[in-house]
Amino acid sequence: MMRRLIRLLNGHKKLWLVKDVCGLICVFITWGLVLYAQFVVNIVMLLPEIFNQPIYGTFNILLFNSLAILALSSHFKSMTTDPGAIPKGNATKEKLESMNLQPGEIVYKCAKCYSIKPERAHHCSVCKRCIRKMDHHCPWINNCVGESNQKYFVLFTFYIASISLHALILIVVHVIKCASNDWNECASYSPPATVIFLITLTFEGLLFFLFTMIMFCTQMHSICSNETGIEQLKNEKHWGKGTKWLNVKSVFGDKFSKDWFFPCYEPSIAKSDVYQYIV
């Protein structure tokens, strides 16, 4: 079952995995916090509601867990998808000769990974590769956010923000209902344990919601303006070609559809080499 899920999420491509200890620790922390949120929401808050208010309990269990699955799937795709890495050491004499350079034409080479460096590519010291349209390296997905996995990263931030907001709303409703009857028949655990679970989930939900919502808005602004985070920091050449809608479609897919919102679908973007290796 797990192998089928991995094949569905990543297709037939070879899994990409950055071997960075700090990044892998951040990945485990991320998954652990999401699973903890599922435990508190499902077992502590909603399970008792199944017997008292079956429609309310069932609806929220299905909604929260559906969003959580989408969030973790988006995280998995962000982490295991090649962000647009350029092959190491391809700046060989044979490769340069095959490009048939004309007098005055220049090819940029990376001094760190010895690759032919196209426009808008930057070297990542963690991935140890040059990444096409690199936005930044995110330790929480243990990968760079680049040309090929930006859609999945945006979905990850959106769905994490969604389940965080949903959890916070459920906490408020749960506290109001339980406080009115002195916590009797309102939890699967004792009132002190339930309060501790709710307090920790509140802090987690607030932190995750603020962080991922800010990141989501930042990513959408970068996509609409067609300017990566590194290009903004370095004040590099602005690549603002096309409308905001066209820029969004260049990340999520040529045609707007439900596929935009699911991490198991690779963006159907017209394949064209928009990067120049020669200037």
Side-chain angles (χ1 to χ4, degrees), residues 9 18 20-47 49 57 59-81 83 126 135-146 149-176 178 187-189 193-223 229 251-252 260-264:
L9 290 174
V18 179
D20 177 59
V21 176
C22 292
L24 291 173
I25 292 174
C26 288
V27 167
F28 284 117
I29 291 175
T30 301
W31 278 66
L33 290 174
V34 173
L35 294 176
Y36 173 76
Q38 286 185 287
F39 163 74
V40 177
V41 170
N42 292 323
I43 306 301
V44 178
M45 289 194 291
L46 294 180
L47 186 61
E49 298 295 340
F59 171 78
N60 282 288
I61 283 179
L62 291 176
L63 177 59
F64 185 85
N65 287 286
S66 297
L67 293 173
I69 290 172
L70 288 170
L72 292 177
S73 300
S74 300
H75 183 274
F76 180 82
K77 284 287 288 185
S78 301
M79 178 179 64
T80 59
T81 299
V126 180
D135 187 87
H136 69 287
H137 183 92
C138 178
W140 298 106
I141 64 170
N142 189 37
N143 201 3
C144 278
V145 178
N149 69 341
Q150 190 170 25
K151 170 197 170 180
Y152 310 126
F153 181 75
V154 172
L155 290 180
F156 165 65
T157 58
F158 173 76
Y159 287 124
I160 288 292
S162 298
I163 63 173
S164 299
L165 180 60
H166 189 197
L168 291 172
I169 294 173
L170 290 174
I171 290 171
V172 172
V173 174
H174 194 74
V175 169
I176 293 175
C178 293
S188 303
Y189 295 84
T194 301
V195 171
I196 292 175
F197 286 137
L198 295 181
I199 291 175
T200 53
L201 183 60
T202 299
F203 280 109
E204 178 187 340
L206 285 172
L207 181 62
F208 266 55
F209 176 74
L210 292 174
F211 177 77
T212 53
M213 183 52 65
I214 291 172
M215 184 60 68
F216 172 77
C217 294
T218 301
Q219 285 294 301
M220 291 306 300
H221 177 266
S222 296
I223 292 171
V251 173
F252 290 92
W260 282 25
F261 304 97
F262 292 96
C264 53

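Computed from a predicted structure; not experimentally measured.
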Close side-chain approach of Val251 to Val154, heavy-atom, < 4.5 Å: no
Sidechain-backbone polar pair: Asp20 side chain, Gly23 backbone, donor-acceptor under 3.5 Å: yes
Any side-chain heavy-atom pair of Ile69 and Tyr159 under 4.5 Å: no
Donor + acceptor pair across side chains of Trp31, His75 (<3.5 Å): yes
Shortest non-hydrogen contact between Asn149 and Gly146, atoms and distance: OD1-N, 2.8 Å
Gap separating the CG atom of Leu72 from the CG atom of Leu67, nearest 0.5 angstrom: 11.0 Å
Beyond-backbone contact of Leu70 with Pro263, side-chain heavy atoms, under 4.5 angstrom: yes
Atom pair CD1 (Ile61) and CG (Asn42), whose distance is rounded to the nearest 0.5 Å: 5.5 Å
Side-chain heavy-atom pair Val145, Ser78 within 4.5 angstrom cut-off: no
CA sep, side-chain torsions, deciding dist, call: Val40, Glu204, side-chain contact (heavy atoms from CB on, under 4.5 Å): CA-CA 12 Å; Val40 177; Glu204 178 187 340; over 6 Å; no
Option from Leu201, Ile171, Ile163, Asn65 for which side-chain contact (heavy atoms from CB on, under 4.5 Å) with Val41 holds: Leu201
Side chain to side chain, Gln150 and Ile223, heavy atoms closer than 4.5 Å: yes
Asn143 side-chain N/O to His137 backbone N/O, donor-acceptor pair under 3.5 Å: no
Test item: Lys151 side-chain N/O and Phe262 main-chain N/O as donor-acceptor pair under 3.5 Å: yes
Side chains of Phe153 and Asp135 in contact at under 4.5 Å (non-hydrogen atoms): no
side-chain hydrogen bond (donor to acceptor under 3.5 Å, both in side chains) between Ser73 and Tyr152, worked out: CA-CA 9 Å; Ser73 300; Tyr152 310 126; over 6 Å; no
Ile141 vs Val27, side-chain contact (heavy atoms from CB on, under 4.5 Å): CA-CA, chis, key distance, verdict: CA-CA 6 Å; Ile141 64 170; Val27 167; 5.8 Å; no
Close side-chain approach of Val126 and Val18, heavy atoms under 4.5 Å: yes
Gap between atom CZ of Phe197 and atom OG1 of Thr194 - 0.5 Å precision: 7.5 Å
Phe59 CZ: over 12 foreign heavy atoms closer than 6.0 Å: no
From Ser164 atom OG to Phe209 atom CZ, the distance as rounded to the nearest 0.5 Å: 8.0 Å
Worked check of side-chain contact (heavy atoms from CB on, under 4.5 Å) between Val44 and Phe39: CA-CA 7 Å; Val44 178; Phe39 163 74; 4.2 Å; yes
4.5 Å side-chain heavy-atom contact, Cys138 and His136: yes
Leu165 side, atom CG; Met213 side, atom CE - distance, nearest 0.5 Å: 7.5 Å
Pairwise distance CZ(Phe76) to OG1(Thr81) - rounded to 0.5 angstrom: 8.5 Å
Aromatic plane relationship, Phe216 with Phe158 - under 30° parallel, 30 to 60° tilted, over 60° perpendicular: tilted
